[in-house]
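In what follows, a structure is listed as structure tokens, so that the remarks can point back to it.
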Amino acid sequence: MKAADYTLYLVTDSTMLPEGKTLISQLAEGLKNGVTIVQLREKDTDAKTFVALALEAKKLCDHYNVPLIINDRVDIALAIDASGIHVGQDDIPIPMVRKLVGPEKIVGWSVGKVEEVDQLAEWGPGMINYIGVGTVFDTQTKKDSKKIPMGPEGVSRILTRLQEKKCDWIKTVAIGGLHPDNISRVVYQSQSLDGKRSIDGISLVSDIMASDDAGQSTRILREILAEKSHHFFEGGAADKNTANIKENVQKLSPLIHHITNRVHQNFGANVALAIGCSPIMSEVAAEFEDLCKIPHSVLLLNTGTVADVGILIHAVKTYNSQKRPIVLDPVGFSASSARLILNKKVLSAGQFACIKGNTGEIMGVSGLGGAMKGVDSSGDDSLETRIEATQLVAFKYRTVAVCTGEIDIVVDGTASLKRPLQSGVGVSSADLSYELIKSENVPLFGRITASGCSLGTVIAGFVCAANDESIFTAVVQAVTLYKLAGTRANATCKGSGSFLVDLIDNLYLAAE
Ligand SMILES: Nc1ncnc2c1ncn2[C@@H]1O[C@H](COP(=O)(O)OP(=O)(O)O)[C@@H](O)[C@H]1O
Ligand SMILES: Cc1ncsc1CCOP(=O)(O)O
Ligand SMILES: [Mg+2]
């Protein structure tokens, strides 16, 4: 049998068919327009009906030379001579399945934890052909609500483990809550950390099964999967000359939409005005679409004091859909378990132009673990460790990552937006370029509140005045300008109160 193509993996579900459509008619449209592998998954259908459906589906799949996989029911898979079987963690044990179906059939397994990769590595080649990795996002079709969706970062963790265990025989398919508005980002963000493995396919249900035009829906999905770059925002600058980003800020006066903590609101608005931008602080979800359509708008998302994470996620999706940039400050990242869950939900909700935080926050987001005392970083990590963590964040989220402190670290994870769909590219987090922004020691930065949050404001203004090939340069320029203003304020102030005022003065002067 020719090796299966997992690119567009349709899982059937006859409970969501539109009026006048049948499972077979939707399947036919899907196969005609580019579905590459099919799984018949009819959880609530009696065996007799299931067999009849499976026979019809097999006829169609054979016509298009597409493998037909049966979900759970090994007996039916054998009875109709299906191409293979897919089982979950709570179904018949894999070794027993393989023994029943023999060496030729395709065997698929649902995998959601790194330990499950260790198990399949132990079984070795010949046991499992592919894994369904998820659930990536919240989904209606897998009602296992007790699990927190893993997000693209979780897919990357599974792929990274496959690489560590050298499981090169296994193919991977992402599953759970995948739709046209997020599959490109999932492919872009979910590579293994060594850069050598991407997902081999995307699995979905409703965008085809519930579609009034399953053929058109399938064609759109194939076009998205065929794209060679993940274009997630259109920069504000007309010219490509990165020397003019500061001038562009003055020229364009970006609208910096702040969804930020109460502590930062006032100071952040004044910092935005000082550098020539126009701030609006708004958590009115109904106006997000209007705001992000205003020319040269940018979203600064700061999770310092969050009332409703749903509002933040709606903002991320709205700005991503309009290809407007977002800067994220996951304040206090893992300071509490509630804050950790909230920040993880926001991190997996969309694509960010820049993720910035203090050392504890960046160490936390990277997965290396960071010490936090409330919203302040409390660890004493070496510069090397801080650089490694910042590179991991930049790689995992394919973003420009900033780790602030006495020395600021800026890492370019945008990989010039190219998203190598094919495995084997080989750029790892350690290969990502970075800049260190150094200055004299300014302890007063740690004696005022919202000093990091306000750096986020400046970064947002600069990113909005850049284009999508110069995000990294824009962030480096923003961090440098902010640091410079801080050292100048340090030289003139009498204490933390006048430091605040002198910082704004010097931002105003430096931004001119
Ligand atoms: N000791 C320091 N010397 C110079 N700059 C600093 C110092 N500490 C922080 N900064 C600057 O202050 C800003 C906020 O950094 P940080 O205190 O790490 O963030 P947060 O306020 O989010 O904890 C950054 O621009 C950083 O460069
Ligand atoms: C004190 C506080 N509490 C929740 S957000 C916040 C401000 C944090 O500001 P920064 O991250 O710039 O220190
Ligand atoms: Mg902060």
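Ligands are counted one by one from 1 in listed order, and the atoms in each one are counted from 1 as well. Quick note: residue numbers are just sequence positions, from 1.
Distance from atom 12 (O) of ligand 1 to its nearest protein heavy atom, with residue and atom name: F445 CG, 3.1 Å. In terms of protein heavy-atom proximity, atom 4 (C) of ligand 2 is nearest to G304 O, 3.5 Å. The single protein non-hydrogen atom nearest to atom 22 (O) of ligand 1 is G452 CA, 3.5 Å, given as residue, atom name and distance. In terms of protein heavy-atom proximity, atom 17 (O) of ligand 1 is closest to S451 OG, 4.1 Å. Here the heavy atom of the protein found nearest to atom 18 (O) of ligand 1 is T404 OG1, 2.8 Å. With hydrogens left out, the protein atom closest to atom 3 (N) of ligand 2 is V375 CG1, 3.9 Å, a heavy atom.
Of all atoms in ligand 2, numbered sequentially from 1 with element shown, those under 4.0 Å from a heavy atom of N261 are 5 (S), 7 (C). In the vicinity of T305, heavy-atom distances shorter than 4.0 Å reach the ligand 2 atoms 4 (C). In summary, the atoms of ligand 2 found under 4.0 Å from a heavy atom of C453, numbered by their order in the structure, are 8 (C), 9 (O), 10 (P), 11 (O), 12 (O). For ligand 1, the atoms lying closer than 4.0 Å to a non-hydrogen atom of N358 are 18 (O), 19 (O), 20 (P), 22 (O), 23 (O). Numbered from 1 in the order shown, with element, the atoms of ligand 1 that lie under 4.0 Å from a heavy atom of K483 read 4 (C), 5 (N), 6 (C), 26 (C), 27 (O). Atom numbering of ligand 2 starts at 1 in the shown order; those under 4.0 Å from a heavy atom of A450 are 9 (O), 10 (P), 12 (O), 13 (O). Set against the non-hydrogen atoms of L455, the atoms of ligand 1 under 4.0 Å away are 25 (O). Taking every heavy atom of Y482 and a limit of under 4.0 angstrom, the matching atoms of ligand 1 come to 25 (O).
R339 places a side-chain N or O within 3.5 Å of a backbone atom of T303 that can act as its donor or acceptor partner. A donor-acceptor pair under 3.5 Å is formed between the side chain of Q265 and the backbone N or O of T260. No side-chain donor-acceptor contact under 3.5 Å links Q351 to the backbone of Q189. At least one donor-acceptor pair under 3.5 Å links the side chain of N506 to the backbone N or O of D502. A distance-only check finds a donor-acceptor pair linking the side chain of N182 to the backbone of G177 [under 3.5 Å].
Taking the six-membered ring wherever Trp is involved, the centroid distance between the rings of Y397 and Y188 does not fall below 6.0 Å. Between H257 and Y319, the ring centre distance stays below 6.0 Å.
With a heavy-atom cut-off of 4.0 Å, D408 touches ligand 1 through its side chain alone. Using a 4.0 Å cut-off between heavy atoms, T449 contacts ligand 2 through its side chain alone, with no backbone atom that close.
With respect to I471, the side chain to side chain contact (heavy atoms under 4.5 Å, CB included) criterion is satisfied by exactly one of N467, V475, T473: V475. None of L221, V173, I202 except one satisfies the side chain to side chain contact (heavy atoms under 4.5 Å, CB included) rule with L178; the exception is I202.
Here the CG atom belonging to L120 is positioned 6.0 Å from the CD1 atom belonging to I131, to the nearest 0.5 angstrom. To the nearest 0.5 Å, the span separating CD on Q322 from SG on C292 amounts to 4.5 Å.
Distances between N or O atoms of N441 and those of ligand 1 include at least one value under 3.5 Å. The shortest N or O to N or O distance between D376 and ligand 1 is not under 3.5 Å. Polar contact with ligand 1: absent for S377 (N/O pair, distance under 3.5 Å). Remark: ligand 1 and G446 share no N or O pair separated by less than 3.5 Å (distance only, no angle test). Checked against a 3.5 angstrom limit, the closest N/O atoms of V375 and ligand 1 fall outside it. Taking only nitrogen or oxygen atoms, main chain and side chain alike, D376 does not reach within less than 3.5 Å of ligand 2.
Put simply, part of G405 is less than 4.0 Å from ligand 1, judged by heavy atoms.
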